[in-house]
J.: 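Structure provided below as structure tokens; questions to follow.
Below, each value reflects all heavy atoms present in this structure, side chains not excepted, and no hydrogens, waters or symmetry copies. Reminder, nothing fancy here: chain letters follow the sequence lines and each chain counts from 1.
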There are 4 protein chains.
Amino acid sequence: MTEKQEKILQSALELFAKEGFHATSTSKVAKNACVSEGLIFRHFGNKEGLLSAILQLGENRIKALFVDIVMESDPKEVIRKAILMTSGIDKADYDFWKLQFKLKWELEVSSDKKMEPLKMALTNAFNKLGYEEPELEANLIILFIDGIGSAVLKGSELDSEEMMRFLIKKYNL
Amino acid sequence: MTEKQEKILQSALELFAKEGFHATSTSKVAKNACVSEGLIFRHFGNKEGLLSAILQLGENRIKALFVDIVMESDPKEVIRKAILMTSGIDKADYDFWKLQFKLKWELEVSSDKKMEPLKMALTNAFNKLGYEEPELEANLIILFIDGIGSAVLKGSELDSEEMMRFLIKKYNL
Amino acid sequence: MTEKQEKILQSALELFAKEGFHATSTSKVAKNACVSEGLIFRHFGNKEGLLSAILQLGENRIKALFVDIVMESDPKEVIRKAILMTSGIDKADYDFWKLQFKLKWELEVSSDKKMEPLKMALTNAFNKLGYEEPELEANLIILFIDGIGSAVLKGSELDSEEMMRFLIKKYNL
Amino acid sequence: MTEKQEKILQSALELFAKEGFHATSTSKVAKNACVSEGLIFRHFGNKEGLLSAILQLGENRIKALFVDIVMESDPKEVIRKAILMTSGIDKADYDFWKLQFKLKWELEVSSDKKMEPLKMALTNAFNKLGYEEPELEANLIILFIDGIGSAVLKGSELDSEEMMRFLIKKYNL
DNA sequence: CATGAATGAGTCTTCATTCAT
DNA sequence: GATGAATGAAGACTCATTCAT
């Protein structure tokens, strides 16, 4: 991965996140990355290839976020960590996460599969804690995480930290 | 509002919802509506004008959905109706709602303001029912509603009906 | 067919004939026709559509050249007219004919089918005149016509008129 | 001439013949030859240089084809050999010959000069045999040879072997 | 009201070519 | 000799928009 390749990736991430995939032209990306437009196509084939590269780069980051939760053995801790998940994301990574959420709508990429391991871990945790409908409880937590993430990234006025604290209290964690 | 105007609006709604605002060209809209491209501009000024018209048309529909909840006096019923809100939307209106969600991300339009009356009603309801932190409870419900709606419109495998039933049970409604 | 459409067709014919199809850019055609580049695509769909339109326009001209030969009843006259065919083409139509020949090579369009009616007429004529191998004689004439046309359009120094006279003498026509 | 140089030449010949000069990109040639694109330019300067190299390579082959005819002393044999010229070309060399014919149209390179020695030999032969207009006879033969070659390389349904036999019979050779 | 011809700026992409390594 | 990263100009084609009819 050359230096310019990374610059392209970085610029594309930033612009796709800010303006959206379709609203960002490859020429804008090139200008922003201070490279020739052609270089984008030499390295990533086409505009979608560029997007894929960004998405691929991100998959790892998502897994990294999940691993700490999925590996946890204490069920209460699993749920607590899940609820607090979004508080752990770096402000510098906002563009990346914003892009993830944006693309779910712009390109209709389902996030079900990505969330599957988290859902399993949560279902399992609620099960151990004797909840009647562990799977639905898990769904609810995921809905919460997704909602909080959405709100924060869209710049909502919702106080996410307080919401997390509140939910943790609700579940006696 | 002439017949052709409505056809344009309907086509634009459908296409913006399916493909996104930026990915839909005015020519596609015109073709889909079986009118000349020029007519779009005569009626709506420009592409953004067309979008505004759709959004405006939608504002009313949102208010209509809210009014039944906000006018309700029984606090339990307020919460129940809020939770069941998304179950009341017509399948024929999917495009419309999908567009609303899509645009929140594509154009970064905050939905805080739109949700304000609902939040007030819910806060008030939780307050009446003696909940300790009624505002946070209200936020949580909204988060869930938004999440469920979101999931359904994105074609997630989440069973929305069951989630609603589950929430209603959780809140003893 | 609007005035500008015709101008585009005319310019394309001229440039495709002079420089070749692939070597002629749509922007060159547009500039030469004094229209916007987009107009080409509005009217002809794409570059190949433009080519097809030109070719289609030409089919008629070819038929017109053939009809006089095919309709002739005197076998000697059929052959004579076939040999003299290329002498009847207007200098103003050079571009058109050049394009036809060029495309046979550039796009590997077989001319067999187009020549079929002529071949039938010639075969028939030679047959009536009692030639032993009328079909091969017909082929030879066609080879001659094609060769003369080629030579003239490529600007060869070959004296086509004299060649025709010579062949007519050879066949005692 | 290194191994890679030959591979480039071979690939270029193949592609130029198949797709045409303008429709073949240097990158396609490089890929087909399994070399870096830069190498083409190091060896041949630019795309036209590559073409020139191929053409130069071809000149020799044409001379080789002619030499056997031009050196022949028996006039009948000269004409016979000329007519049969195209039957002597190797199927493996089709690409090469196709390119020669293609370029005559794509780059408007006159073939008059190349054919000059053949024309002289034929004129001379017809003269010796007492034909009245030996130069025109020579021209006619060349027209036929060119036409037959042309037809074969374009994949016409013309039976070239039979045409040659027919011509030989016609000229009592 | 409605059409469709027309445009110019912009889209993604490919091109031939250069150059540091 | 050979590579492959890099470029700028040009490629075909689409866009939102205007305007005469």
J.: Could you tell me the separation between the CD atom of B:Gln5 and the P atom of E:dC1, rounded to a whole number of Å?
T.: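 It is 7 Å, rounded to the nearest whole Å.
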
J.: If you find the nucleotide of DNA chain F closest to B:Ala23 and the one closest to D:Lys4, which residue's nucleotide is nearer the 5' end?
T.: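 Closest to the 5' end, via its nearest nucleotide, is D:Lys4.
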
J.: Donor-acceptor check, side chain of A:Glu106 to backbone of B:Glu106, threshold 3.5 angstrom: yes or no?
T.: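 Absent.
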
J.: Do A:Glu108 and B:Lys102 meet the salt-bridge criterion of a basic N to acidic O distance under 4.0 Å?
T.: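 The answer is yes: the pair qualifies as a salt bridge.
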
J.: Would you classify A:Thr2 as touching base, sugar-phosphate or nothing, given that sugar-phosphate means primed atoms plus P, OP1 and OP2, and contacts are heavy atoms under 4.0 Å?
T.: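 Sugar-phosphate contact only.
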
J.: Flag this pair as yes if the NZ/CZ of B:Lys91 is under 6.0 angstrom from the six-membered ring centre of B:Tyr94 and inside a 45 degree cone about the axis; otherwise no.
T.: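 Yes, a cation-pi geometry holds between B:Lys91 and B:Tyr94.
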
J.: C:His43 or A:Lys47: which one's nearest nucleotide on DNA chain E is closer to the 5' end?
T.: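 First, find each residue's nearest nucleotide; the 5'-ward one identifies C:His43.
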
J.: Send over the distance from A:Asn46 CG to E:dT14 P, rounded to a whole Å.
T.: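 That distance rounds to 8 Å.
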
J.: Nearest to the B:Ser36 side chain among E:dC12, E:dC15, E:dT3, which nucleotide is it?
T.: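 Nearest to the side chain of B:Ser36 among the choices is E:dT3.
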
J.: Could you list where the contact with chain D starts and ends along DNA chain F, reading 5' to 3', using a 4.0 Å heavy-atom cut-off?
T.: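 Listed 5' to 3', the contact boundaries are F:dG1 to F:dG4.
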
J.: Between D:Lys28 and E:dC15, is there a contact of a side-chain N or O with OP1 or OP2 at under 4.0 Å?
T.: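 Checking E:dC15 against D:Lys28, no side-chain N or O comes under 4.0 Å of OP1 or OP2.
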
J.: Take atom CD1 of B:Ile8 and atom C1' of E:dC1, then tell me their distance rounded to the nearest Å.
T.: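 B:Ile8 atom CD1 is separated from E:dC1 atom C1' by 11 Å.
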
J.: Specify whether C:Phe101 and D:Trp105 have parallel, tilted or perpendicular ring planes, treating 30° as the upper limit for parallel and 60° as the lower limit for perpendicular.
T.: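 Answer is parallel, since the angle falls under 30°.
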
J.: Only one of D:Val35, D:Leu13, D:Asn32 forms a side chain to side chain contact (heavy atoms under 4.5 Å, CB included) with D:Ile8, so which one is it?
T.: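 With D:Ile8 as partner, D:Val35, D:Leu13, D:Asn32 yield a single side chain to side chain contact (heavy atoms under 4.5 Å, CB included), made by D:Val35.
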
J.: Can you tell me the distance, in whole Å, between the CD atom of A:Glu19 and the C1' atom of E:dG10?
T.: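 So the CD-C1' distance, A:Glu19 to E:dG10, works out to 15 Å.
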
J.: Expressed as a whole number of angstroms, how long is the span from B:Phe44:CZ to E:dC1:C1'?
T.: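 In whole Å, E:dC1 C1' lies 13 Å from B:Phe44 CZ.
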
J.: Under a 3.5 Å cut-off for both distances, is F:dA6 Watson-Crick or wobble paired, and to whom?
T.: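 Pair assignment: F:dA6 / E:dT17.
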
J.: Between B:Arg42 and A:Ser25, which residue's closest nucleotide on DNA chain E lies nearer the 5′ terminus?
T.: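 In this pair, the answer is B:Arg42.
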
J.: Rounded off to whole Å, could you give me the CG-to-P distance for the B:Leu39 and E:dT3 pair?
T.: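 Atom-to-atom, B:Leu39 to E:dT3, this comes out as 6 Å.
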
J.: When you measure from the centre of the six-membered ring of C:Phe21, is the NZ or CZ of C:Lys47 closer than 6.0 Å and no more than 45° off the axis?
T.: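 Yes, a cation-pi geometry.
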
J.: So which of A:Lys4, A:Lys7, A:Gln5 actually passes side chain to side chain contact (heavy atoms under 4.5 Å, CB included) with A:Leu39?
T.: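 Going through the options one by one, the only one that passes is A:Lys4.
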
J.: Check the distance between E:dA16's P and D:Phe41's CZ and give it to me in whole angstrom.
T.: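 Between P of E:dA16 and CZ of D:Phe41: 7 Å.
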
J.: Atom CD1 of A:Ile40 and atom C1' of E:dC15: how far apart are they, to the nearest Å?
T.: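 In whole Å, E:dC15 C1' lies 16 Å from A:Ile40 CD1.
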
